[in-house]
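Source: prediction; values computed, not measured. When a ligand or atom number is given, it counts from 1 through the structure's own listing order.
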Amino acid sequence: MSIPTMLALPNNALINIGIKSGENVHYQLSPEELTKQTVARKEGVLNDTGALVIKTGEFTGRSPKDKFIVKDDITSEAVHWNDFNIPIEPKYFDVIYKKMLCHLENKEIWVRDCYACADPEYRLNIRVINELPANNLFAYNMFLRPKAEELESFKPDWHILQAPTFKADAASDGTRQHNFAIVNFTKKIILIGGTNYTGEMKKGIFTILNFILPHDKHVLSMHCSANMGDKGDTAIFFGLSGTGKTTLSADPKRHLIGDDEHGWTENKVFNFEGGCYAKTIDLSEEKEPEIFHAIRPGALLENVTFCDGTNKIDFSSKKITENTRVSYPLYFISNALDPSIGKTPKNIFFLTADAYGILPPVSKLSTGHAMYQFVCGYTAKVAGTEAGVTEPKATFSACFGAPFLPLHPVKYAEMLGRKIREQKVNVWMINTGWSGGAYGTGGRIKLSYTRAMITAALDGELDTVEYEAHPVFGIMMPKECPGVPSEILNPRNTWANKNDYDKKAKELGEQFIKNFSKYASAAGKETLSAAPKI
Ligand code: ATP
Ligand code: MN
């Protein structure tokens, strides 16, 4: 029943990886074909603009506790083993691999040849093998797409085997539970099973690049978005999930480089990916037109629901999850750079969604403060506890991406610090979170204000204004900014009770200091002196 295609699977492609395949191998299908098949198999439906909508089932997000790295000669000394880099013995990898091969034997499968890294010098060829067509569409959207003539001689560097319906047996397979993502640097294979959350594939490849690039190639890998102005001025935006990397890098006045994963060489920034993976919760055409219009044939939406009796998406609904997403190829964004390579950055933004409402909406950082904040990787989420009771919770994630970083955070921080110093890069911190009080009292800073602050920083309009230092964090707050009411620039002004602000600011500073204690011995004087003063 396989649909005939123009492209033939290269000889031995599956034998090399150990799969005994039947007739039903789909190779390099187009987005149209994958969408059609998914709908025909009743694994998805179309929305009113023709995009494919799927539900990912049990998992609607990544599962960091079930992500393993095989501990072997390559990794045992080099990897910084912690809660995110969990070791697994090679023998368990072998057991699971063998079981997965049996599971896939003679099954209908979808194979895609693609690559990561827009810079040809660092290109990493990937062969993705999926059990479901929708996951293969995700691979089409998110990884880079080789030209037809490149496929003839395509040699995969890495393989991803992804089988959502395969479940591990924790007792015999060395996993925590039935789902897993396992990275094997010696065999150059990523195994994903028991979860249908597509993001595991993209973050699996991100994890290996975060090892290979800094460790072997002297390239800084970063969890950031990037865009470039008409004059070739690149900006990068670091931040944890939900802080605004995707939203703020989609700027109609600038060229998108990428929304999540980049490498920084001596003189360039390049995207690892070929697409974007945007949150769609509360998405509106007015506030985020680029992302809104990317929802069209070829896009893949996850876990959104429709308005009753229609196939119109209800973007406000959290019925399945708050983490509703859409993936689409970069070329869906009209002003995206192709290839997605920019010049060395002139501006770096650290994005934080501070639900405590303490950090200023925009501030300028010295190199010491930049290093300190980079190692901290702070954001504060609104943590739901009992029904109706919600309060902020601080999250510190080194280098704004601890779950994806196999090496010690200091390795990445040192590389960034050297670049900031040598290339004289401006560093800014943007609080995309709360103002006027913490979550519950204040409100989220208007997206239009955040955009105006970033534009002002990029256009040099904050170079000539007066600044004041934040009393606890020491970062420099501009006293004025075009397009933004001056009274919100110092967060203390926006709180009804100033004593409350001062108290909460110190409490937050204490949390920073406590978190930083584990890195203090490796940090230099300049970084240490940027600690909060309480
Ligand atoms: P991930 O790493 O999970 O992809 P991300 O950093 O890309 O996360 P976004 O997808 O950009 O995060 O999410 C930011 C969310 O916050 C969006 O839904 C956006 O609409 C919303 N938002 C509200 N106010 C602001 C603001 N002032 N600045 C940025 N984003 C805002
Ligand atoms: Mn994003």
Are Glu288 and Thr247 close enough, and set up right, to give a side-chain hydrogen bond (donor to acceptor under 3.5 Å, both in side chains), and what steps lead you there?
CA-CA 7 Å; Glu288 298 180 68; Thr247 296; 2.9 Å; yes
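In summary, Arg176 and Asp66 engage in a salt bridge, as defined by a charged side-chain N under 4.0 Å from a carboxylate O. In this structure, Asp233 pairs ionically with Arg254, as a charged nitrogen and a carboxylate oxygen lie closer than 4.0 Å. Glu261 and Lys202 are joined by a salt bridge, as a carboxylate oxygen and a charged side-chain nitrogen come within less than 4.0 angstrom of each other. We find that Lys318 and Asp282 are not joined by a salt bridge, their nearest charged nitrogen and carboxylate oxygen being 4.0 Å or further apart.
The salt bridge (Lys or Arg N to Asp or Glu O under 4.0 Å) search around Lys479 returns Glu466, not counting sequence neighbours. Considering only residues two or more places apart in sequence or on other chains, Tyr439 meets the side-chain contact (heavy atoms from CB on, under 4.5 Å) condition with Ala355, Val382, Thr390, Pro392, Trp434.
A cation-pi contact, defined as under 6.0 Å to the ring centre and within 45° of the axis, is absent between Lys498 and Tyr501.
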For ligand 1, what N or O to protein N or O distances fall under 3.5 Å?
{"unit_1": "ligand 1", "atom_1": "2 (O)", "unit_2": "Lys245", "atom_2": "NZ", "d": "2.7"}
{"unit_1": "ligand 1", "atom_1": "3 (O)", "unit_2": "Ser241", "atom_2": "OG", "d": "2.5"}
{"unit_1": "ligand 1", "atom_1": "3 (O)", "unit_2": "Arg325", "atom_2": "NH2", "d": "2.6"}
{"unit_1": "ligand 1", "atom_1": "4 (O)", "unit_2": "Arg325", "atom_2": "NH1", "d": "3.0"}
{"unit_1": "ligand 1", "atom_1": "6 (O)", "unit_2": "Leu240", "atom_2": "O", "d": "3.4"}
{"unit_1": "ligand 1", "atom_1": "6 (O)", "unit_2": "Gly244", "atom_2": "N", "d": "3.2"}
{"unit_1": "ligand 1", "atom_1": "6 (O)", "unit_2": "Lys245", "atom_2": "N", "d": "2.9"}
{"unit_1": "ligand 1", "atom_1": "6 (O)", "unit_2": "Lys245", "atom_2": "NZ", "d": "2.8"}
{"unit_1": "ligand 1", "atom_1": "7 (O)", "unit_2": "Thr246", "atom_2": "N", "d": "3.0"}
{"unit_1": "ligand 1", "atom_1": "7 (O)", "unit_2": "Thr246", "atom_2": "OG1", "d": "2.9"}
{"unit_1": "ligand 1", "atom_1": "8 (O)", "unit_2": "Gly242", "atom_2": "N", "d": "2.9"}
{"unit_1": "ligand 1", "atom_1": "11 (O)", "unit_2": "Thr246", "atom_2": "N", "d": "3.3"}
{"unit_1": "ligand 1", "atom_1": "11 (O)", "unit_2": "Thr247", "atom_2": "N", "d": "2.9"}
{"unit_1": "ligand 1", "atom_1": "11 (O)", "unit_2": "Thr247", "atom_2": "OG1", "d": "2.9"}
{"unit_1": "ligand 1", "atom_1": "12 (O)", "unit_2": "Gly242", "atom_2": "N", "d": "3.4"}
{"unit_1": "ligand 1", "atom_1": "12 (O)", "unit_2": "Gly244", "atom_2": "N", "d": "3.3"}
{"unit_1": "ligand 1", "atom_1": "16 (O)", "unit_2": "Arg444", "atom_2": "NH1", "d": "3.2"}
{"unit_1": "ligand 1", "atom_1": "16 (O)", "unit_2": "Arg444", "atom_2": "NH2", "d": "3.2"}
{"unit_1": "ligand 1", "atom_1": "20 (O)", "unit_2": "Glu288", "atom_2": "OE2", "d": "2.6"}
{"unit_1": "ligand 1", "atom_1": "24 (N)", "unit_2": "Arg444", "atom_2": "NE", "d": "3.4"}
{"unit_1": "ligand 1", "atom_1": "27 (N)", "unit_2": "Ile445", "atom_2": "O", "d": "2.8"}
{"unit_1": "ligand 1", "atom_1": "27 (N)", "unit_2": "Thr450", "atom_2": "OG1", "d": "2.9"}

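Sorted by chain and number, the protein atoms of type N, O or S within less than 2.8 Å of the Mn ion (ligand 2) are Thr246 OG1.
A heavy-atom distance below 4.5 Å is not found between the side chains of Asn347 and Val425.
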